[in-house]
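This report concerns only the one structure given below.
Chain letters run A, B, ... following the sequence lines, proteins first, then strands; residues in each count from 1. Atoms considered below: every heavy atom in the structure, side chains included; atoms not considered: hydrogens, waters and symmetry mates.
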Amino acid sequence: MIIANAKDFDLQQTFECGQCFRWNKLCDDKYIGVVGDFLMGAYYRDGSIIIECENEQLAKEYFDIEKDYSEMKKRLQCDEVMAKAISAGYGIRLLKQQPWETLVSFIISANNNIPRIKKIIELLCQTFGNEIMKDGVKYHTFPSAEALANVDGDALSAIRCGYRDKYIIDAAKKVATGEVCLDDIYSLPADEGREILKKIKGVGDKVADCILLFAYQKYDVFPKDVWIKKVLHKLYFVAEKDIDLFVRQKFGKLCGLAQQYLFYYGRQTL
DNA sequence: CGCCAGGCGGGGG
DNA sequence: CCCCCGCCTGGC
């Protein structure tokens, strides 16, 4: 798949803005990731972005290829700060990730750091996922809820995720039994989706909002982590308790995308 | 050694 | 309801 018009798409920004954990850069400027049951590659050639995947439909959906970012940027561009943030992260695209993988990944992300989050997720896939062979290299899919619901007690200790192991098991059981139906959330308003997700142990407001934004394209949620709180305080002089009202009034239905630009900008400059 | 990292759950006020 | 503390683990 070739994306000729790549002006609103930068691979490094998209893969390293914090929304995903399973894309890795190879030495030759190529990114490799696993999405669903498929391996994907992404790289530049002659000013275009090339996405390699045996399942082109999956790749189109995952990269949300039809989405018009220039139009959304125009709508967000309401002041000096956001103008700078958008220009810093001009090539960020919000990926359409799989709900189950996103759920578990952000449970693991709580009170944790990015290198360790990636390590734990990789171990989880190696230990419980299916193998994909490509050019003599082994890759692994993200394990299903059913697969994880059936692992016994301390088998998860192998992935070194600490106290989060019981949250992952709780999530797997509730999703596998249907007590929590992740597919329902696509068509629900963000507030209702958040309440469903929070039935799972280890999922609070912040984790739920990341799942709503990164898996369900609920652009009207604004995940509030420690970094974005610092950024808003520093750049907009907004106190923590006023964040929700502030971003709703300022950025409206696209506040989730605004969060990504501000987050990326803040991590570069603050 | 102590502290912290992209929160959360549980207990007490 | 709000506030506060402890938490697996690995890196500094």
Side-chain angles (χ1 to χ4, degrees), chain A residues 12-24 85 88-89 92 94-95 97 101-127 148 151 153-175 179-180 190-191 193-215 218 221-235 238-245 247 255-270:
Chain A
Q12 185 267 333
Q13 290 174 17
T14 297
F15 295 142
E16 295 176 25
C17 69
Q19 62 178 323
C20 56
F21 302 101
R22 292 209 72 202
W23 283 88
N24 292 303
I92 293 173
L94 283 175
L95 301 167
Q97 301 184 71
E101 175 174 340
T102 311
L103 164 62
V104 176
S105 296
F106 281 90
I107 285 174
I108 292 168
S109 80
N111 192 24
N112 214 339
N113 56 69
I114 291 173
R116 187 168 167 237
I117 295 166
K118 292 185 72 168
K119 198 176 295 176
I120 291 170
I121 293 172
E122 210 45 51
L123 271 172
L124 180 67
C125 296
Q126 284 171 17
T127 312
L148 291 184
V151 309
D154 48 55
L156 260 192
S157 64
I159 70 169
R160 317 291 298 159
C161 69
Y163 59 85
R164 302 167 192 83
D165 55 1
K166 51 188 176 295
Y167 302 154
I168 296 173
I169 297 294
D170 184 61
K173 289 205 161 112
K174 281 174 179 159
V175 170
E179 183 180 342
V180 168
D191 288 341
R194 185 182 299 110
E195 290 319 303
I196 292 174
L197 291 168
K198 283 171 70 175
K199 290 199 287 188
I200 295 164
K201 298 278 183 203
V203 179
D205 286 326
K206 192 273 174 179
V207 168
D209 283 356
C210 285
I211 301 163
L212 291 169
L213 183 58
F214 301 143
K218 309 282 186 202
V221 305
F222 192 94
K224 285 172 289 180
D225 51 65
V226 289
W227 269 97
I228 206 69
K229 289 172 190 170
K230 283 182 202 164
V231 171
L232 285 178
H233 182 71
K234 196 121 184 174
L235 300 180
V238 179
E240 185 172 342
K241 63 177 174 53
D242 301 321
I243 290 179
D244 285 327
L245 185 59
V247 300
C255 64
L257 183 60
Q259 195 266 13
Q260 285 299 283
Y261 291 126
L262 289 170
F263 184 88
Y264 187 84
Y265 180 55
R267 296 225 70 165
Q268 310 298 310
T269 59
L270 297 187

query = Can you check the A/Lys118 NZ to C/dT9 P distance for me, whole Å?
reply = 22 Å
task = Considering non-hydrogen atoms only, spot the tightest contact between A/Leu123 and A/Ala158 and give its length.
result = CD1-O, 4.0 Å
Whole-Å distance separating the NZ atom of A/Lys198 from the P atom of B/dC8 = 8 Å
note = NZ (A/Lys118) and SG (A/Cys20) are apart, to the nearest 0.5 Å, by 8.0 Å
inquiry  = Side chain of A/Ile114 only, heavy atoms from C-beta on: which candidate in B/dC8, B/dG6, C/dC7 is closest?
reply    = B/dG6
message = Rounded to whole Å, how long is the line connecting atom CD1 of A/Ile168 with atom P of B/dC8?
response = 15 Å
message = Does a side-chain N or O of A/Lys119 approach OP1 or OP2 of B/dA5 to a distance below 4.0 Å, or not?
response = no
query = Does the pair A/Lys206/A/Asp209 count as a salt bridge with the N-to-O cut at 4.0 Å?
reply = no
task = In whole angstrom, give me the gap between the P atoms of C/dC8 and B/dG11.
result = 14 Å
query = CD/A/Gln12 to CD1/A/Ile92 distance, rounded to the nearest 0.5 angstrom?
reply = 9.0 Å
query = A/Ile120 CD1 to B/dG6 C1': how many Å, rounded?
reply = 13 Å
task = Name the nucleic acid region contacted by A/Gly18, choosing base, sugar-phosphate or nothing; use a 4.0 angstrom heavy-atom cut-off, strictly under.
result = base
task = Using the test ring pair (Phe, Tyr, Trp, His ring centres under 6.0 Å), find all partners of A/Phe214 that sit at least two apart in sequence or belong to another chain.
result = A/Phe106
ask   = How many angstroms lie between CD1 in A/Ile120 and CG in A/Asn112, if you round to the nearest 0.5 Å?
value = 5.0 Å
Pairwise N/O distances under 3.5 Å, protein to nucleotides 10-13 of chain B:
unit_1: B/dG10; atom_1: OP2; unit_2: A/Lys201; atom_2: NZ; d: 3.4

ask   = In whole angstroms, how far is the C1' atom of B/dC3 from the CG atom of A/Asn113?
value = 13 Å
ask   = In whole Å, what is the span from the NZ atom of A/Lys224 to the C1' atom of B/dC8?
value = 15 Å
task = Quote, to the nearest angstrom, the P distance that separates C/dG10 from B/dG9.
result = 23 Å
message = Between P on B/dG6 and CD1 on A/Ile117, what's the gap in Å once rounded to a whole number?
response = 7 Å
key: Sugar-phosphate, base or nothing in reach of A/Ile107, heavy atoms under 4.0 Å   = nothing
task = Provide, to the nearest angstrom, the distance between the CZ atom belonging to A/Arg116 and the C1' atom belonging to B/dG6.
result = 13 Å
ask   = Can any side-chain N or O of A/Glu179 pair as donor or acceptor with the backbone N or O of A/Lys173 at less than 3.5 Å?
value = no
key: Residue mapping more 5' on DNA chain B - nearest nucleotide basis, A/Ile200 or A/Phe263   = A/Phe263
note = Which of A/Leu95, A/Leu213, A/Leu212, A/Ile211 passes side chain to side chain contact (heavy atoms under 4.5 Å, CB included) with A/Thr102? Answer is A/Ile211
request  = Provide the distance between the two P atoms, one in C/dC7 and one in B/dG2, to the nearest whole Å.
outcome  = 14 Å
message = Roughly how many Å apart are B/dC4 and C/dC5, using the P atom of each and rounding to a whole number?
response = 14 Å
ask   = Where along residues 160-167 of chain A does a heavy atom fall under 4.0 Å from DNA chain B?
value = A/Tyr163, A/Tyr167
